[in-house]
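As structure tokens, the structure follows; a few thoughts come after it.
To find a chain, count down the sequence lines: A is the first, B the second, and so on, and within it residues start at 1.
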There are 2 protein chains.
Amino acid sequence: MQRMTRQRSAVAELLADLDEFRSAQQLHEQLRHRGEGIGLATVYRTLQSLADGGEVDVLRSGEGEALYRRCARREHHHHLVCRTCRTTVEIDGPTVEAWAAQVGATHGFSDIEHTMELFGTCADCAADPSARSGSPSGSSGGPQNGSPSGSRSGSQTDPRTAPRTGPTTGA
Amino acid sequence: MQRMTRQRSAVAELLADLDEFRSAQQLHEQLRHRGEGIGLATVYRTLQSLADGGEVDVLRSGEGEALYRRCARREHHHHLVCRTCRTTVEIDGPTVEAWAAQVGATHGFSDIEHTMELFGTCADCAADPSARSGSPSGSSGGPQNGSPSGSRSGSQTDPRTAPRTGPTTGA
DNA sequence: AGACTCCTGAGAACGGTTGTCAAACTCCCG
DNA sequence: CGGGAGTTTGACAACCGTTCTCAGGAGTCT
């Protein structure tokens, strides 16, 4: 059975305070900034168990890094993510669910699942294209690392924010 | 300027022969089986340059591994991938493109992009759920590593095939 | 309180990917 | 066809995110 430890609740609390997708390492750093003594391995373990329990959603950044977010709804949904500030809107896609099932059937495929995320620039960021790349949901004095992709040093040609969720059985 | 070397054409040729998404390491192994003397770093470099040039499509497996495939069309399209044999069908999604743009606009987001892939079980695999996990496009005596996910040893709770493409400006 | 487990944390290990750099090779020119 | 300039290659190290290991610490039950 899952025990409620100080570390586990700290992670859950931080996720509740945030509104954007964050990597495990970002969350760890933020917890440290909050003064929580917590190990990186514990953050990974906790996030994984939360994800397994459907408590948090997981995306993959363009570089394959895992990003976590506590979504309001636990049912199937998609995300519309601001590529500048990472603000995320949960959206329904009945049109897409139906389309996916139909396309699959047309090609003779069964048991169709799909992954799909939308990326764009939110109204706020479009209005003020300058700074504003931190965490719009405030509350935590965490790191203001706006760029989701820029962790590698090399010549990554594709700096776009581009994650995906695990597939969810459609329609 | 890009020079045509033996290694580069070997990679291009292999990709032309294959019909499924393959990881860089799988491709490297397959090239070795073909008797091509080629370094792993070269395979990575070549794939990256091909991807940059839009010659090949890149997905991310559920574990974040990059998967490559030479698609027939270079324009925007999506993929319907068999989760068993990895056979891939290129598909159009005008419905989705329109839907994505509309949803983005509704929420005040601009410059909408999207990622989306479909997964299912193809007719062949559904009919014969036993073996058949190798490379359906034959031609190469490459490795028959059917499972795209099972490389890690740990307790990965999610063995689903679940990649994503880089986003493409929608609508 | 005491015992029994599970959880934690520091660091090692791991797997995929990229950087390094001398040697080999392509391409262009005469 | 031979030479020269500059790109590519390949073996290996380095990196980065993530997971494993295991002794010590903390929750839970009685």
Side-chain angles (χ1 to χ4, degrees), chain A residues 1-12 21-29 31-32 35-53 56 58-68 143 145 147-159 163, chain B residues 1-12 21-29 31-32 35-53 56 58-68 145 147-159 163 166:
Chain A
M1 192 243 292
Q2 198 59 257
R3 289 182 182 172
M4 185 46 62
T5 64
R6 175 177 60 78
Q7 293 88 340
R8 190 178 178 83
S9 40
V11 170
F21 278 94
R22 284 285 155 90
S23 72
Q25 316 225 24
Q26 285 178 321
L27 292 169
H28 176 240
E29 193 179 342
L31 286 166
R32 282 259 144 109
E36 295 286 349
I38 185 170
L40 181 56
T42 303
V43 174
Y44 273 106
R45 268 186 301 243
T46 304
L47 287 172
Q48 184 158 303
S49 92
L50 289 174
D52 287 352
V56 302
V58 188
L59 293 198
R60 287 268 170 191
S61 80
E63 287 72 50
E65 196 178 8
L67 303 176
Y68 303 85
N145 186 349
S147 165
S149 306
S151 60
R152 283 279 162 71
S153 58
S155 59
Q156 196 74 21
T157 319
D158 188 345
Chain B
M1 190 241 293
Q2 197 60 261
R3 287 181 183 174
M4 185 48 61
T5 64
R6 175 177 61 75
Q7 294 86 341
R8 189 178 179 85
S9 39
V11 171
F21 278 94
R22 285 286 155 89
S23 72
Q25 315 225 26
Q26 286 178 320
L27 293 170
H28 176 239
E29 194 178 341
L31 286 166
R32 281 260 146 105
E36 294 286 349
I38 185 171
L40 181 56
T42 301
V43 173
Y44 273 105
R45 270 187 300 243
T46 304
L47 288 172
Q48 183 157 304
S49 92
L50 288 174
D52 287 352
V56 301
V58 188
L59 294 198
R60 287 267 169 191
S61 80
E63 287 72 50
E65 197 179 8
L67 303 176
Y68 303 85
N145 185 352
S147 165
S149 306
S151 60
R152 282 282 158 71
S153 58
S155 60
Q156 195 74 23
T157 320
D158 187 344

Tell me the interatomic distance from [X], atom [atom1], to [N], atom [atom2], rounded to whole angstroms.
{"X": "Q25(A)", "N": "dT19(D)", "atom1": "CD", "atom2": "P", "value": "11 Å"}
{"X": "I38(A)", "N": "dA10(C)", "atom1": "CD1", "atom2": "C1'", "value": "14 Å"}
{"X": "E63(A)", "N": "dG17(D)", "atom1": "CD", "atom2": "P", "value": "10 Å"}
{"X": "D52(A)", "N": "dT19(D)", "atom1": "CG", "atom2": "P", "value": "10 Å"}
{"X": "M4(B)", "N": "dC28(C)", "atom1": "CE", "atom2": "P", "value": "12 Å"}
{"X": "L40(A)", "N": "dC20(D)", "atom1": "CG", "atom2": "C1'", "value": "13 Å"}
{"X": "L50(B)", "N": "dT8(D)", "atom1": "CG", "atom2": "P", "value": "12 Å"}
{"X": "H28(A)", "N": "dT18(D)", "atom1": "NE2", "atom2": "C1'", "value": "13 Å"}

Looking only at side-chain N and O atoms, does Q48(A) come under 4.0 Å of OP1 or OP2 in dT19(D)?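 Looking at the OP1 and OP2 atoms of dT19(D), one of them is under 4.0 Å from a side-chain N or O of Q48(A).
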Identify which nucleotide among [options] has an atom closest to any side-chain atom of [X], counting heavy atoms from C-beta outward.
{"X": "A41(B)", "options": "dC27(C), dT17(C), dG10(D)", "result": "dG10(D)"}
{"X": "R8(B)", "options": "dT9(D), dC25(C), dG9(C)", "result": "dT9(D)"}
{"X": "T5(A)", "options": "dC12(D), dT9(D), dT8(C)", "result": "dT8(C)"}
{"X": "Q2(B)", "options": "dT8(D), dT18(D), dA11(D)", "result": "dT8(D)"}
{"X": "Y44(A)", "options": "dG16(C), dG9(C), dG17(D)", "result": "dG17(D)"}

Donor-acceptor pair under 3.5 Å, R45(A) side chain vs dG9(C) base: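 Between dG9(C) and R45(A), which were checked side chain against base, a qualifying N/O pair under 3.5 Å is present.
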Looking at dT5(C), does its base get a donor-acceptor pair with the side chain of R3(A) below 3.5 Å? yes
Closest non-hydrogen atom pair between [X] and [Y], with its separation:
{"X": "A51(B)", "Y": "V58(B)", "value": "CB-CG2, 3.7 Å"}
{"X": "A66(A)", "Y": "R60(A)", "value": "N-NH1, 4.2 Å"}
{"X": "I38(B)", "Y": "H28(B)", "value": "O-NE2, 3.0 Å"}

Which is true for T42(A) with a 4.0 Å heavy-atom rule: it touches a base, it touches only sugar-phosphate, or it touches nothing?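 Answer is base: heavy atoms of T42(A) come under 4.0 Å of a base.
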To the nearest 0.5 Å, what is the distance between CD on Q7(A) and CZ on R45(A)? 9.5 Å
Mind checking whether L50(B) and R8(B) have side chains closer than 4.5 Å, heavy atoms only?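 L50(B) reaches R8(B) side chain to side chain.
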